[in-house]
Engineer: 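Sending over a structure as structure tokens; questions will come in a sec.
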Amino acid sequence: MPLRLYNSLSRQLEPFTPRDPSRVTFYSCGPTVYDDAHVGNFRSFLAADVLRRWIESPLCDLQNDPAKSTGRKVVHVMNITDVGHMTDDAEGGENGEDRMAVAGKRLLEAKKSGKLPAGTDTNLDPTNPYTIAEFYASRFLEDARRLGLKVALDAQSDPTLMPRPTQCIPQMIAMIQSLISKGHAYAVGPAGRQVVYYDVQSFPAYGRLSGNTLDNLRSGAGGRISDENQGQKKHPADFLLWKADPSHIMKWDSPWGAGYPGWHIECSVMAAMRLADDLGEIDLHSGGEDNVFPHHECEIAQTCGHTGRELFARTWFHPRHLFIEGAKMSKSKGNFYTARDLFAKGIEPAAIRLELIRTHYRTNANFTMQGVTDSQRMVERWRRISAVAGTSTNAAAAPRLDDSPVLREFAQAMNEDLNIAGALGVLNSWAGTITQPTASDAAILAAIDRVLGVLALEVPKATATEIGVYLGGLSPDPTVEAKLAERKAARAAKDFKRSDELRDELLALGYQLKDVAGGKVEISRKP
RNA sequence: GGCCGCGUACCAAAGUGGUUGAAUGGAGCGGAUUGCAAAUCCGCUGAGCGUAAGCUCCUCGCCGGUUCGAAUCCGGCCGCGGCCUCCA
């Protein structure tokens, strides 16, 4: 059964049929870089990554696919938003404070109190929005690569795969001009200080993606659209394309005056620049569920207004939000983790990645420490298979879908709207039956892991001392070493009472021990 | 008010008309192993009767319906969540 995906645009499961399977075009709304990305951000990016990997996998089956034998390629583009949008976007992106400026203040505070994140270039200038953006962008890329986000890895050799709005201002201006000339946008205000709005009433399909048609918006505005700042708009739902504002922290020259672009236009432009085909369409577009409205609705209005076509992205993919320990994540509650927070706790990238991808993308996954531990164990089990099998001398034939029930069932699950939990069930049942892994087992696992992307990730290094082996990136510690030495002596003297006390003491300090062959002790963090 | 989604056993999570008392992972219990642990491996984990094979009863939010047959389809109800111009 070929791959079927839930398309938010049609609100149903449909066969995924790219225009050219040998070159599938996929645009993902990426991070904004005025802070570190958290696990919620990464869940949606990784969901897109798994989808991309699945389409590229030879295990995946597509309807009407002439590229099946020659291989499919996904051109995946993810932007990095380095323009600071407004903190108060309730009126369409014109009010409040620029987020990049807010980030600058935060960094300045941190710098004063000596609390800049470890490894920060001390020359970082918190008053310069471009350096702030660069600072967080490089941290994002670092995290993303550790988590195996393929687009971030690809972008190392082809940076155009991760475009930045600040580099695309001329193209945005051109699209805005096109929209004005086609009657989809209008400028208001005195020359040189103009504001350009999209005219939603010029685009009848507005609301098709989100259900927020102009009628629904009118009746359900809920009082959030005030009269203030609406005066110049033709319709309350008209949204900002350009705002001339010479006092703004980041600004560029434009026909309407020096200022900044609206926050929807960048994605329309960047998707078109790198991906659009001769019809101005792309195959796939993803973003967190909160992007459905207004962001993606507005992107469609912009792109289709510009191209005159009915479609922008043929399939819209919207992963749902992540909860943390059962609660909705929110910055004010502080119940969120950045990827870096977790790395710092010694949790390895593979466990984080698996925990973030193992729940179906269209349900609200719940991120828990218990879940991370579960994922870690799964990873370790799979690793044992590939490690043992890797040293086997059996000839490793490339696994063929038709010869392997595991691969077939795995593919069947994945083809059904990326049923990854079902697919993991298949994988684990199979893994559980393997006592003596062979090279062909390893090949099967490798084929699966090219989709899951967990086994290829870096494994924290172990550091060995005379007595102990420190796992999970732990560094040898004098206190621990002393207790280990004493414990070793106690055990040699068969003073097990003392040796157990020492083990308890270490446990209280957060270290878990495991006696291994050769008299050494493995030390890992208590989960 | 509009649009969308969800409710499965201790937890997470598959399953979407029969082979399902319900995959898989965790947790729990028992066993192997260990000085003891940890890790690993094996077995068990709704209830009742039985030495056993097995039989009976109750299960997938609740109520009702369709069907020879429903966790799976239909209707109603209850509960939870998301979006509706900050957010992945």
Side-chain angles (χ1 to χ4, degrees), chain A residues 6 8 11 28-32 35 37-48 85-96 99 207 209-213 215-222 224-225 236-240 263-264 286-295 297-298 318-323 326 328-331 336 354-355 358-360 362-366 368 370-371 373-378 380-381 384 409 413 416 419-432 435 491 494-497 499-500 503-504 507 512-516 521-522 524 526:
Chain A
Y6 183 89
S8 312
R11 291 179 198 131
S28 291
C29 286
T32 47
D35 208 343
H38 52 64
V39 286
N41 302 118
F42 276 113
R43 149 124 143 135
S44 106
F45 302 147
L46 290 175
H85 297 302
M86 298 295 111
T87 52
D88 177 7
D89 248 348
E91 306 296 349
E94 302 180 56
N95 297 307
R99 289 177 185 282
L209 176 69
S210 62
N212 287 325
T213 60
D215 284 348
N216 289 343
L217 281 174
R218 235 193 297 268
S219 61
R224 293 185 70 167
I225 295 173
D238 286 355
F239 55 92
L240 188 73
W263 68 286
H264 307 304
S286 79
E289 57 170 326
D290 54 295
N291 283 150
V292 173
F293 190 87
H295 189 53
E297 195 70 73
C298 294
H318 290 113
R320 296 176 68 81
H321 278 174
L322 185 69
F323 284 55
K328 190 182 155 143
M329 184 186 308
S330 84
K331 294 215 169 177
F336 68 95
L354 182 58
E355 177 62 7
R358 66 195 262 232
T359 307
H360 188 85
R362 274 192 301 118
T363 68
N364 290 115
N366 186 11
T368 62
Q370 178 63 55
T373 310
D374 291 0
S375 296
Q376 176 75 49
R377 295 173 82 116
M378 266 188 254
E380 278 162 12
R381 167 183 293 178
R384 276 196 298 276
E409 285 167 34
E416 195 58 19
N419 179 359
I420 195 155
L424 290 178
V426 172
L427 170 57
N428 281 322
S429 317
W430 168 77
T435 48
R491 293 185 74 211
K494 301 240 187 276
D495 181 358
F496 295 120
K497 184 165 176 288
S499 97
D500 289 352
R503 185 171 59 205
D504 290 344
L507 195 63
Q512 192 166 63
L513 305 190
K514 175 181 171 185
D515 295 309
V516 293
V521 184
E522 284 182 357
S524 54
K526 191 175 73 173

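Source: prediction; values computed, not measured. Labels below follow one simple rule: chain letters A, B, ... track the order of the sequence lines, proteins then strands, and each chain is numbered from 1. Side-chain atoms are counted along with the backbone in the values below, which use heavy atoms only and exclude waters and symmetry mates.
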Engineer: Please list, chain by chain and in numerical order, all residues satisfying ring pair (Phe, Tyr, Trp, His ring centres under 6.0 Å) with A/His360, sequence neighbours excluded.
Structural biologist: none
Engineer: Please report the distance, rounded to the nearest Å, between NE2 in A/His264 and C1' in B/rC87.
Structural biologist: 13 Å
Engineer: Can you check the A/His318 NE2 to B/rC87 C1' distance for me, whole Å?
Structural biologist: 14 Å
Engineer: Could you run down nucleotides 22-34 of chain B 5' to 3' and tag each one B, S or - for protein heavy-atom contact under 4.0 Å?
Structural biologist: -BSBSS-------
Engineer: Using atom CH2 of A/Trp263 as one end and atom P of B/rU85 as the other, report the distance to the nearest whole Å.
Structural biologist: 10 Å
Engineer: For the C1' atoms, the ones on B/rU16 and on B/rA23, what distance do you get once it is rounded to whole angstrom?
Structural biologist: 14 Å
Engineer: Find the distance A/Arg43:CZ to B/rC87:P and express it as a whole number of Å.
Structural biologist: 19 Å
Engineer: Whole angstroms only, please: what is the CZ-P distance between A/Phe45 and B/rC87?
Structural biologist: 12 Å
Engineer: Just call it for A/Gly40: base, sugar-phosphate, or nothing, with non-hydrogen atoms closer than 4.0 Å on any strand.
Structural biologist: base
Engineer: For A/Leu513 and B/rC36, give me the distance from atom CG to atom P, rounded to whole Å.
Structural biologist: 17 Å
Engineer: What does A/Asn291 touch in the nucleic acid at a heavy-atom separation under 4.0 angstrom: a base, only the sugar-phosphate, or nothing?
Structural biologist: sugar-phosphate
Engineer: Under the salt bridge (charged side-chain N to carboxylate O under 4.0 Å, His left out) rule, collect the residues that match up with A/Asp500, sequence neighbours excluded.
Structural biologist: A/Arg503
Engineer: Restricting to salt bridge (charged side-chain N to carboxylate O under 4.0 Å, His left out), what partner residues turn up for A/Asp374, sequence neighbours left out?
Structural biologist: none
Engineer: So, under a plain 3.5 Å distance rule, would you say the side chain of A/Arg11 forms a donor-acceptor pair with the base of B/rC3?
Structural biologist: no
Engineer: For A/Ser499, which contact category applies under a 4.0 Å heavy-atom criterion: base, sugar-phosphate, or nothing?
Structural biologist: base
Engineer: Does A/Tyr6 put a side-chain nitrogen or oxygen below 4.0 Å from OP1 or OP2 of B/rC4?
Structural biologist: no
Engineer: Give the dot-bracket string for RNA chain B, reading 5' to 3', where a pair is Watson-Crick or G-U wobble with both distances under 3.5 Å, ( ) marks pairs inside the strand, [ ] marks pairs crossing earlier ones, | marks a partner on another strand, and . marks unpaired.
Structural biologist: ((((((((.[[[..)..(.....]]]((((((.......))))))((((....))))...[[[[[..)....]]]]])))))))....
Engineer: Check the interface with nucleotides 80-83 of chain B: list each N/O to N/O pair with the protein under 3.5 Å, or write none.
Structural biologist:
{"unit_1": "B/rG81", "atom_1": "N2", "unit_2": "A/Arg320", "atom_2": "NH2", "d": "3.4"}
{"unit_1": "B/rG82", "atom_1": "O2'", "unit_2": "A/Glu289", "atom_2": "OE1", "d": "2.6"}
{"unit_1": "B/rC83", "atom_1": "OP1", "unit_2": "A/Lys328", "atom_2": "NZ", "d": "3.2"}

Engineer: Answer with base, sugar-phosphate or nothing: what part of the nucleic acid does A/Leu322 contact at a heavy-atom distance below 4.0 Å?
Structural biologist: base
Engineer: Classify the nucleic acid contact of A/His360 as base, sugar-phosphate or nothing, counting any heavy atom under 4.0 Å across all strands shown.
Structural biologist: sugar-phosphate
Engineer: Taking only side-chain N and O atoms of A/Thr32, does any of them lie within less than 4.0 angstrom of OP1 or OP2 on B/rA88?
Structural biologist: yes
Engineer: Suppose you measure atom C1' in B/rA9 against the same atom in B/rC44; what distance do you get, rounded to whole Å?
Structural biologist: 16 Å
